[in-house]
Amino acid sequence: MFRFIVRRLLQAIPTLLGISIVVFLMVHLAPGDPVLIMLGSQEQAVTPERIAELREAWGFNDPLYVQYWRFLKDALRGDLGRSIYTGQDVFQSIAQRIPATLLLTVSSLIVAVAVSVPIGIISATRQYSAWDYIGMVGALLGVSMPTFWFALLAMFLFSLKLGWLPATGMGHLANGIGDVIKHLIMPSLTLGFGMAAMTTRLTRSSMLDVIRQDYIRTAKAKGLSERVVIYRHALKNALIPIVTVIGTQFGSLLGGAVVTETIFAWPGMGRQAVASITRRDLPMIQGNVLFMCLIFVLVNLLVDISYSWLDPRIRYD
Amino acid sequence: MDNTSQQQKRSLWIDVWARFKKNRLAMIGLCVIIFLYLVALFAPVLAPYPYDKMNLTNLYASPGSPGHILGTDEFGRDVLSRLIYGARISLTVGLVVVGMASAIGVTLGALAGYYGGWVDSLIMRIVDFLYAFPFFILAITIVAILGPSLYNAMFALALVSWIGYARMVRGQFLALKQREFVEAAKAVGASGFRIMFVHLLPNALGPVIVQMSLGVAGAILSASGLSFLGLGAQPPTAEWGAMLNAGKDYIRSAPHLATYPGLAIMITVLAFNFVGDGLRDALDPKLKQ
């Protein structure tokens, strides 16, 4: 088990390097002089001589691989440059926002699993019943609904009309944990429901696959109750594809977090990324994209490792 | 021989259509899509006003006010007219993104599946690598590099969504290329290109079509998301996501500005999802049981 985890960790390194190359190239692929891009809004005041000077000083005259090596070394030391717009250290401002994004995405994930797995099981075990029909149409509606629209409607209803929940922000721990939870409810539910819609359909089809297997018939034949058969025998086997999809869906959760954070003014990385894109704050964009990809890779790593717990047959040697 | 294969091909699609017709939700979806295309096509005739005609004396008119069934927006523009023109953009975005993505994905997937070896390794490494990125974040990144615009948003979405088609077509080709009809085609001296696109591709088309139909839904949703973030269509373009973005600031005083564009997106996406699901069931009746 330990060796499997180590091997999987090592396998993630090329992916991470690839991601770092793409993120590094962003500055060079963007149309325009990288020096002017890095100068941002100050560019009007700069003479051509000064630009040439800065190009040399910032190392843009070096070959690309030298620049990349420098970028990588700095990044590994936690130095991702400074924001063009605020002058803030990129790494630090990301570090400040990671907890908010993780809090939002993980609670949305919990919402999604808590909603989708039971509905998926009910739909599968009572296939073609009214419950199944309602569940599946509901899931299809959920897949088709833009998260940002759902979020706005929720905000309109629960904050502006009913006044039950705060519309924006994350609250402060200083006001007690309840304050943060109150602020978390709407963002995590809207983000979680979107994902739940996708996993519900998958849970259903995965359960349907499993409950037609011979070992389920055997379990039923030896007189086990429906409950035990479904939850002890079928669910654990049906979970493997579900867990896989939860891993890949975590990516869309991160993408959705960008939108949800923007709407609810949630102080996470997604909102920061969008704000820096509109300002063309490239070091900030680089840093945020890098970290969101990093989180995604790590989550999929965890998913891979959890396979071997769910199904001991899956252990790559 | 050509004749019989022609007949068989036709009867397959007739069977599919017969099964598809029985699926009520899928038929509703199809009707909605046809309706939306007609609306998009005849937008200048159907829209009561030009989509960018401002009227600063009649701002935030609520739905049902005289001359404006769905009200007016923050510039006094008619919301209904903008929604009608918005259908043009969303439907075009869906088709263009899926067209580009499937063209790239099917071609590369076909090459990988048919030739195998280093071609396969190279293409699939690229696919695996792109799968390591969160889809929407990668699209945002590409838009960030190129600058926010509707064209760049479409380009970005196509660039990140071809991998699904490549994987699917490769898998199909790997299974199909062992079959006798491929051997027969090789024996009569058909070129690799001909075998791939004339013999193999039609047999692999079913899942690709399903994926395309669902892909249009996804592309419309993602593109409107990018526009909502201000990274896609720019004002004064009447794009549903961009309309929602502008409307969100007035949600307290004029909630209709955010409600209708979202509804339009949902109905369109839902219709394509219904059709995609219906096609999947119709193409593979075994799955349904």
Side-chain angles (χ1 to χ4, degrees), chain A residues 12 14-16 18-19 22-23 25-32 136-137 140-141 143-153 155-156 160-161 167 201 205 212 248 250-259 262-263 270 273-274 276-278 280 282 285-286 288-289 292-293 295-297 300, chain B residues 25 29 125-126 128-148 214 217-218 220-222 224-231 240-241 244-245 247-248 251-253 255 257-259 261-274 276-277 287 289:
Chain A
T15 313
L16 292 173
I19 289 172
V22 171
V23 169
L25 283 177
M26 277 175 66
V27 176
H28 297 269
L29 289 174
M136 285 310 103
V137 172
L140 209 51
L141 271 175
V143 176
S144 310
M145 191 154 47
T147 318
F148 45 93
W149 183 59
F150 188 48
L152 280 174
L153 292 185
M155 190 198 266
F156 177 70
L160 303 180
K161 282 281 158 195
R201 281 154 65 99
S205 61
R212 292 201 190 104
T248 44
F250 199 84
S252 61
L253 217 49
L254 283 168
V258 174
V259 176
T262 308
I263 294 174
V274 172
S276 35
I277 288 174
T278 25
R280 278 192 84 67
L282 272 172
I285 307 174
Q286 273 188 328
N288 281 286
V289 170
M292 284 191 269
C293 293
I295 293 175
F296 185 52
V297 170
N300 278 304
Chain B
L25 288 179
R125 283 300 81 74
I126 299 174
D128 286 344
F129 175 63
L130 285 175
Y131 265 110
F133 283 90
F135 168 88
F136 197 65
I137 308 276
L138 187 57
I140 287 180
T141 311
I142 296 172
V143 175
I145 295 173
L146 301 174
L214 300 173
I220 292 175
L221 210 53
S222 304
S224 66
L226 286 174
S227 295
F228 177 76
L229 292 173
L231 305 177
W240 295 335
L244 248 166
N245 183 28
K248 74 173 192 296
I251 186 139
R252 199 178 286 267
S253 51
L257 294 184
T259 316
L263 210 55
I265 298 171
M266 191 174 86
I267 291 170
T268 312
V269 173
L270 196 59
F272 278 102
N273 276 333
F274 277 158
D277 273 10
L287 255 179
Q289 263 321 301

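Here is the naming used below: chain letters follow the sequence lines, and residue numbers restart at 1 for every chain. Computed over heavy atoms, backbone and side chain alike; hydrogens, waters and symmetry mates excluded. Predicted model only: the values in this text are computed from it and were never measured.
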From the list A/Met155, A/Lys161, A/Arg201, the residue making the most non-hydrogen contacts under 4.5 Å with chain B is A/Arg201
Answer yes or no: is there a side-chain heavy-atom contact under 4.5 Å between A/Ile263 and B/Phe228? yes
The interface call for B/Ile220 against chain A, heavy-atom contacts under 4.5 Å, is neither
Checking heavy atoms, do the side chain of B/Tyr131, its backbone, both or neither come under 4.5 Å from chain A? backbone
Criterion side chain to side chain contact (heavy atoms under 4.5 Å, CB included) on A/Phe296 and B/Ile137, from CA distance to verdict: CA-CA 10 Å; A/Phe296 185 52; B/Ile137 308 276; over 6 Å; no
Measuring only between side-chain heavy atoms, which start at C-beta, is A/Pro14 closer than 4.5 Å to B/Phe129? no
Taking C-beta and beyond as the side chain, do B/Pro134 and A/Ser252 meet within less than 4.5 Å on heavy atoms? no
Using heavy-atom distances under 4.5 Å, tell me whether B/Ala258 contacts chain A through its side chain, its backbone, both, or neither. both
Which atoms of B/Leu25 are under 4.5 Å from chain A, going by heavy atoms: the side chain, the backbone, both sets, or neither? side chain
Heavy-atom cut-off 4.5 Å, strictly under: side chain, backbone, both or neither for A/Val143 against chain B? both
A/Val22 side chain reached by B/Phe133 side chain, heavy atoms, under 4.5 Å: yes
Contact origin within A/Leu140 toward chain B - heavy atom pairs under 4.5 Å: both
Reported CG-to-CZ distance for the pair A/Leu160 and B/Arg252, which is rounded to 0.5 angstrom: 4.5 Å
In terms of heavy-atom proximity below 4.5 Å to chain A, should B/Asp277 be classed as side chain, backbone, both, or neither? side chain
Can you tell which part of A/Thr15 gets under 4.5 Å to a heavy atom of chain B, answering side chain, backbone, both or neither? both
Under 4.5 Å to a heavy atom of chain B? For A/Val259 that would be both
For B/Phe135, is it the side chain, the backbone, both, or neither that has a heavy atom closer than 4.5 Å to a heavy atom of chain A? neither
Does any non-hydrogen side-chain atom of B/Leu221 lie less than 4.5 Å from one of A/Pro146? yes
Does the pair A/Trp149 and B/Leu263 meet the rule for a side chain to side chain contact (heavy atoms under 4.5 Å, CB included), with working shown? CA-CA 8 Å; A/Trp149 183 59; B/Leu263 210 55; 3.5 Å; yes
